[in-house]
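Taking it in order: structure first as structure tokens, then the write-up.
Chain naming here is simple, since letters A, B, ... match the order of the sequence lines and numbering starts at 1 in each.
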Number of protein chains: 2
Amino acid sequence: MKSKRQLQKENTRKKILETAYQIYSEQGFSATTAVIAKEAGVSHGTIFVHFSSLDELLCCLIQDFGDVLGSEIHQQSETKDNIEELLKAHLDVLARYEKFYIRLIAERSLLPEDARLTFSNIQSIAAYHFNKVFERENNIKNLPVHRLFNTWMGLVHYYLLNKDLFSPDTPVLERYGSELMETFLELIKR
Amino acid sequence: MKSKRQLQKENTRKKILETAYQIYSEQGFSATTAVIAKEAGVSHGTIFVHFSSLDELLCCLIQDFGDVLGSEIHQQSETKDNIEELLKAHLDVLARYEKFYIRLIAERSLLPEDARLTFSNIQSIAAYHFNKVFERENNIKNLPVHRLFNTWMGLVHYYLLNKDLFSPDTPVLERYGSELMETFLELIKR
DNA sequence: CAACTCATTGAGTATGTACTCATTGTAATT
DNA sequence: AATTACAATGAGTACATACTCAATGAGTTG
């Protein structure tokens with residue numbers, strides 16, 4: 001049985017993480033502790049009671065996010081056994097976290113080392129499922145699977161990173177998801 | 001006839017811009033004025049004699065760079081009339097400015113508005129030449145040219161942005177340029 | 001209910017960095 | 001030669017932001 005205090009502490013921590021997720025999604029990772037604290041409804045100092053530094057908060061957040069995203073991609077991909085469904089599942093998951101995911105890939109170069117690892121992990125999970133499905137397929141271009149995978153990732157990320165050009169107001173994947181799939185499927189067809 | 005003073009002033013300005021280009025290429029755009037001044041061998045305040053703010057320096061630099069890169073891509077592409085040569089010319093130019101170009105696409109989201117426009121212009125020039133060459137070609141997949149272009153750009157940028165994974169020590173395009181071309185050419189083949 | 005624990009507070013500190021400006025020395029002008 | 005113009009200087013300022021810590025008051029314990 002948890003005491004009232006423990007619960008409150010956990011709630012505060014969770015509240016900070018959730019708020020940071022929202023703020024970072026909207027403003028990018030240069031958002032300040034002051035903004036996060038205010039929005040979370042806690043005092044400035046409280047953040048540093050729960051996290052020893054901004055970097056640690058960032059790492060926890062991205063780690064958590066990576067875990068969720070990774071497991072979602074895994075789950076969604078697990079049951080798919082044709083390429084089209086796999087791509088669709090992939091895009092569906094990304095679409096659900098689009099804003100944060102864009103920030104992640106757009107500002108990756110400025111993030112702490114740990115955060116980049118998280119990102120690599122997500123890629124690995126996706127790559128794994130790609131391999132499984134693509135190897136079985138034989139009506140596609142004869143290219144190493146990892147090159148096809150990189151082409152797909154490149155295409156998706158290119159649209160996400162250039163959201164301001166492609167789709168400034170509505171989510172990119174909502175608007176262009178099917179076009180991306182269509183293009184890729186057409187390209188890999190033998 | 002330019003006076004000694006004018007010449008010195010122009011030289012100093014040029015020196016600052018060149019140094020900034022080098023420093024930003026190595027350290028990214030979060031490098032400080034102090035570092036640039038020191039490396040350029042001028043005092044801190046001199047930077048602000050020539051540029052009213054860091055943002056202005058950045059914009060001048062990126063503008064100049066965009067002009068050079070754009071005109072090089074234009075020149076190199078002008079004479080090419082088959083896809084393979086065009087892709088090669090494109091990669092050759094990018095390879096020559098690889099470090100700076102990577103910083104540009106990696107940190108684009110944090111750059112001032114003007115800088116992003118520059119980037120769009122470069123893309124437009126490349127897109128123009130793509131159109132010219134691709135329209136003539138008829139042994140390729142039946143997809144709108146802009147989608148093929150985006151696929152190519154996505155693929156190239158994906159490798160550049162993940163240089164730390166693909167090729168941490170040597171330039172990415174030197175190592176993977178031909179693989180990228182080969183992949184793309186195979187994909188678009190009907 | 002008294003003593004104690006501890007999550008929270010927020011004014012205060014430390015640090016980093018863009019930008020200023022009075023001063024200086026050299027080139028241009030008279 | 002004397003005067004003026006001005007490029008360059010660098011110590012100093014303003015400001016933003018991560019992080020600290022003594023004080024607080026509600027929760028827990030005996």
Side-chain angles (χ1 to χ4, degrees), chain A residues 1-24 26-62 103 107 109-115, chain B residues 1-24 26-62 103 107 109-115:
Chain A
M1 179 60 188
K2 284 176 181 167
S3 70
K4 221 170 176 179
R5 262 197 192 152
Q6 278 176 301
L7 279 176
Q8 174 166 1
K9 193 169 185 181
E10 281 170 21
N11 280 338
T12 304
R13 184 190 162 95
K14 210 194 291 178
K15 182 76 185 166
I16 292 172
L17 282 170
E18 279 166 6
T19 306
Y21 174 83
Q22 293 298 336
I23 300 279
Y24 286 145
E26 296 300 328
Q27 306 184 11
F29 293 106
S30 53
T32 63
T33 48
V35 173
I36 294 170
K38 188 176 176 189
E39 193 66 22
V42 300
S43 89
H44 191 182
T46 303
I47 288 179
F48 298 95
V49 172
H50 293 271
F51 305 93
S52 65
S53 70
L54 225 208
D55 261 24
E56 201 203 307
L57 165 58
L58 201 61
C59 284
C60 282
L61 183 62
I62 293 177
R103 295 295 180 183
E107 299 174 29
S109 63
L110 320 153
L111 297 176
E113 189 62 26
D114 313 30
Chain B
M1 179 57 188
K2 284 176 183 169
S3 70
K4 221 172 175 180
R5 264 201 189 150
Q6 278 178 300
L7 278 175
Q8 174 165 1
K9 192 170 185 182
E10 281 172 21
N11 279 338
T12 304
R13 185 189 160 93
K14 209 194 295 178
K15 181 77 186 166
I16 291 171
L17 283 170
E18 280 167 4
T19 306
Y21 174 83
Q22 293 299 335
I23 299 279
Y24 285 145
E26 296 298 328
Q27 306 183 13
F29 293 106
S30 54
T32 63
T33 47
V35 173
I36 294 169
K38 189 178 175 187
E39 193 66 24
V42 299
S43 89
H44 191 180
T46 303
I47 289 178
F48 297 94
V49 172
H50 292 271
F51 304 93
S52 66
S53 70
L54 225 208
D55 262 24
E56 201 201 307
L57 164 58
L58 202 61
C59 284
C60 283
L61 183 61
I62 293 177
R103 295 294 180 184
E107 299 174 30
S109 63
L110 320 153
L111 297 176
E113 190 62 25
D114 312 30

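The base of dT26(C) sits with one of its N or O atoms less than 3.5 Å from a complementary donor or acceptor on the side chain of R5(B).
The line from CD1 of I23(B) to CZ of R103(B) is 11.5 Å long, rounded to the nearest 0.5 Å. Interatomic distance, OG1 of T33(B) versus CG of L57(B), reported as 9.5 Å (0.5 Å rounding). Of the inter-residue distances, the one linking I47(B) atom CD1 with I36(B) atom CD1 reads 5.5 Å to the nearest 0.5 angstrom.
Within the 4.5 Å cutoff, side-chain heavy atoms of Y24(A) are placed close to those of L61(A).
Residue I36(B) contributes atom CD1, which lies 18 Å from atom P of dG16(C) at whole-angstrom precision. Going from atom CD of Q6(B) over to atom P of dA8(D) covers 12 Å, rounded to whole Å. Put simply, CG on L57(B) is 16 Å from P on dT17(C), counting in whole angstrom units. Between the P atom of dC6(C) and the NZ atom of K4(A) lies a distance of 18 Å, rounded to the nearest Å. What separates NZ of K15(B) from P of dT9(D) is a distance of 13 Å, to the nearest Å. Between the P atom of dA27(C) and the NZ atom of K9(B) lies a distance of 16 Å, rounded to the nearest Å. The distance between atom CZ of F51(B) and atom P of dA7(D), rounded to the nearest whole Å, is 14 Å. For the pair H44(B) NE2 and dG10(D) P, the interatomic distance rounds to 12 Å; values are reported in whole Å.
OP1 or OP2 of dA7(C) has not a single side-chain nitrogen or oxygen of H50(A) nearer than 4.0 Å. At least one side-chain nitrogen or oxygen of T33(B) sits closer than 4.0 Å to the OP1 or OP2 atom of dA18(C). Of the side-chain N and O atoms in T12(A), none sit less than 4.0 angstrom from OP1 or OP2 of dA7(C). For dT9(D), one of the phosphate oxygens OP1 or OP2 lies less than 4.0 angstrom from a side-chain nitrogen or oxygen of T46(B). Between S43(B) and dT9(D) there is a side-chain N or O to OP1 or OP2 distance below 4.0 Å. Between Q8(B) and dA27(C), a side-chain N or O to OP1/OP2 separation shorter than 4.0 Å is absent. Taking only side-chain nitrogens and oxygens, S3(A) comes nearer than 4.0 Å to OP1 or OP2 of dT28(D).
Nearest heavy-atom pair, S30(B) versus Q27(B), reported as atom, atom and distance to 0.1 Å: OG-O, 4.2 Å.
Side-chain atoms of F48(A) lie closest to dC19(D) of the nucleotides dC19(C), dC19(D), dT8(C).
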